[in-house]
Enquirer: 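Mind having a look at this structure? Questions to follow.
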Amino acid sequence: MGTKHDENRLEYEETELRLGLPGGSLKREFSQTIDLKLNLNASMASSSSPHHQQEKITAKPPAKAQVVGWPPVRSFRKNTLAVQKDGCGGESGTAAAFIKVSLDGAPYLRKVDLKMYNSYQQLSEALGKMFTSSTIGDCGVKELMSESKLIDLLNGSDYVPTYQDKDGDWMLVGDVPWGMFVGSCKRLRIMKSSEAIGLAPRAVEKCKNRA
Amino acid sequence: MCLFQFQSVMNYFPEEVLEHVFDFLTSHRDRNTVSLVCKSWYSVERFSREKVFIGNCYAVNPERLIARFPRLRSLTLKGKPHFADFNLVPDGWGGHVYPWIEAMAKSGINLEELKLKRMVVSDESLELLAKSFPNFKSLVLVSCEGFTTVGLAAIASNCRFLRELDLQENEVDDLKGKWLSCFPESCTSLVSLNFACLKGEVNVVALERLVARCPNLRSLRLNHTVPLEVLQKILVRAPQLSDLGTGSFTHDPDSETFIKLKNAMKNCHSIRSLSGFLDVNGRCLPAIYPICISLTSLNLSYAPGIFSNELIKLICHCKKIERLWILDTIGDKGLGVVANTCKELQELRVFPSDLYGVGNTAVTEEGLVAISAGCPKLNSILYFCQQMTNAALITVAKNCPNFIRFRLCTLDPIVPDAVTNQPLDEGFGAIVQSCKRLTRLSVSGLLTDQVFLYIGMYAEQLEMLSIAFAGDSDKGMLYVLNGCKKLKKLEIRDSPFGNMALLSDMGKYETMRSLWMSSCEVTLGGCKTLAEKMPWLNVEIINEHEAGEGEGEASCDDRHRVEKMYLYRTLVGPRKDAPDFVWTL
């Protein structure tokens, strides 16, 4: 590395035009770095506190989040990851979202993990399977022995699937996009339509129309 | 035999022989070279050339292209500068494909393949394309924008012999139309279909039927709206797939559907490339274990929902992986597992998962060192990391002298060596010194002029260099311009390089494709000088701020710093489609 390096050095020093930077941003930072180094104790040397280091040294440029186009990630990727985060209600993808499910007339409640499913159809399928268990005794629910019949009923007019959202309101299942539903649903109740009269009659109509 | 002797011998052969010989030259660089030998070679070459690559759509124009290569069948065009990917180029800058398609259509070019990158593609362009070229077979759009599903419907409806429709990371306005249903029943020629970047739902019945009637389908990448049960049905119909992009991959692992999926997967013996998982539940991943052993390419970089330990379990099955794209949620520990398992690894990309926060999940220099030690065939890396050290880079350089592409991106653009607090000059210096075949380099972290001295001295094969927040003075840029003889693309942002460096060797830019400089020290005067002296360059200034009443004069002041400059060599002078905010000097 020796000779060539020195030659280059010589050439440039002769013709050097120093362009002083307005405010001398980056150059100054480097010397700030050197100064800081002398004051740093052993704890800085450990790689477990890089963030701590960065806080001390970085005055300019602005904090990470404000630098346009940094880190250099394609906007398509950025947007996709952002949407994925939102869709999960701000939680990581595999954090479960267990909620209680009640079916009017069934002896006990069940729990489902909404994150397991990707559509209302899938959820409906799973619920159908769940509530045809032979442990459901005769509480007026005997007719729900077949999975398809239950799904029919869920989609049909005898039952209205409703859910309670974050605000505590009881809503009709199916109005909002799946991701949004998963993010806001706190519990599910599959109501008999006779009970649903108490709900906005529109809700019952909607359900009937959907079948 | 030297070229002259060879040439004179060759001239005794009829043109058909020359043409036949040229057929063996597939690389466009080789063909460009032979065309320069003499007039007759130029002539034979141009009439026999079918594939043309144009790295900057404004370097030539459609008329010249068609005049020179009348037998053109396959065209690749690139539009916007690379930094457009990171929002540094305003909307409306340019890169429209329509004039190209229009010109080729008018001239009766028998276009069969079109590959576009970073271009603006309107629905009108797609419609014209679909209707003008009866033998059209392959459309590949990468990072493009400007079209909707209406344009896709036109392609599907009209391209009777379509083999390939490959949409990679485009911004598509999904009007939730029925584009997929537009493939007629007579379309049975599809080999590759990739619509992973679309946001809207597709007609899944139409999709299943399409897959069923295309026996040559090898590559299929679904979007996130295609549920797992549909994937299962598709795999049953198309077990011959070699490249699969799953849609959503989340389901109750105890369900019947899921069991059917597992069985269908086991039957897919040809899958070598896997991607997607745009919506994933980690507990569903075991379904893919049976195919992992044969995988050579795996892209999990759009699956933030997979926990590190699930990822690690998955990786353990992937012994033949050559190309791996993942998120930094894998962690250093996970990279250690990759290093122990993936001995065939050639290309690794580790993307950041947390773009807005501080990110405790990021990887560090440890992961990179582990990979370099464990994967002897590694030659290409893109690594976003929380921190880096010179020692680590020096070790990596020693372990992996075969890098062709080395792109390191520290999440904090000017972070110094995490241990010594020094700039990362020595580390990158070691990389360029050791990796004699390096053609692409991106540097980051705290860097002085010294790193550019090393790059200029050692990076003899370097063609593309990306610089951000680096260097102290013009010397830095000068080292690079003087030293890197094969440099084609140089892009610089937020670095203190000014007119002295810009103007030191103006002829250099005619040997390069392009130069981008933003938030540097070059002034309007410097750019004007360059533009004046170099007629074969377009020197474009992007001026995003509306020249207001008082500002108008100030921004025309030659001493004023230029916010964004993009210059490129061209045969056809200033472009006519430049928007208001782009001045060609």
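Letters A, B, ... mirror the listed sequences (proteins, then strands); counts begin at 1.
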Enquirer: By a 4.5 Å heavy-atom criterion (distance strictly below it), what part of B:Ser301 contacts chain A: side chain, backbone, both, or neither?
Expert: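 Both parts, backbone and side chain.
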
Enquirer: So which residue, B:Ser444, B:Cys197, B:Pro352, ends up with the most heavy-atom pairs under 4.5 Å with chain A?
Expert: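 With the most close heavy-atom pairs to chain A, the winner is B:Cys197.
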
Enquirer: Using 0.5 Å steps for rounding, measure from the OG1 atom of B:Thr250 to the CG atom of B:Leu228.
Expert: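 Interatomic distance, B:Thr250 OG1 to B:Leu228 CG, rounded to 0.5 Å: 8.0 Å.
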
Enquirer: B:Arg493, B:Lys199, B:His224: which one forms the most heavy-atom pairs within less than 4.5 Å of chain A?
Expert: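 The option with the most such pairs is B:Arg493.
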
Enquirer: Of all residues at least two apart in sequence or in a different chain, which pass the salt bridge (charged side-chain N to carboxylate O under 4.0 Å, His left out) check with B:Arg349?
Expert: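 Partners of B:Arg349 under the salt bridge (charged side-chain N to carboxylate O under 4.0 Å, His left out) test: B:Glu347.
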
Enquirer: Should B:Gln450 and B:Leu453 count as side-chain neighbours, where that means a heavy-atom distance under 4.5 Å?
Expert: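 Yes; the side chains approach each other to less than 4.5 Å.
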
Enquirer: Relative to chain A, which segment of B:Phe351 carries a heavy atom at a distance below 4.5 Å: side chain, backbone, both, or neither?
Expert: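 The side chain, not the backbone.
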
Enquirer: In terms of heavy-atom proximity below 4.5 Å to chain A, should B:Phe384 be classed as side chain, backbone, both, or neither?
Expert: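 Only the side chain of B:Phe384 comes within 4.5 Å of chain A.
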
Enquirer: Do A:Ser184 and A:Asp165 have side-chain N/O donor and acceptor atoms under 3.5 Å apart?
Expert: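 Not at all, the side chains of A:Ser184 and A:Asp165 share no donor-acceptor pair under 3.5 Å.
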
Enquirer: How long is the gap from SG on B:Cys284 to CZ on B:Phe258, to the nearest 0.5 Å?
Expert: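 It comes to 4.5 Å.
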
Enquirer: Select one option (side chain, backbone, both, neither) describing which atoms of B:Thr257 are under 4.5 Å from chain A's heavy atoms.
Expert: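 For B:Thr257, the contact with chain A is made by the side chain alone.
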
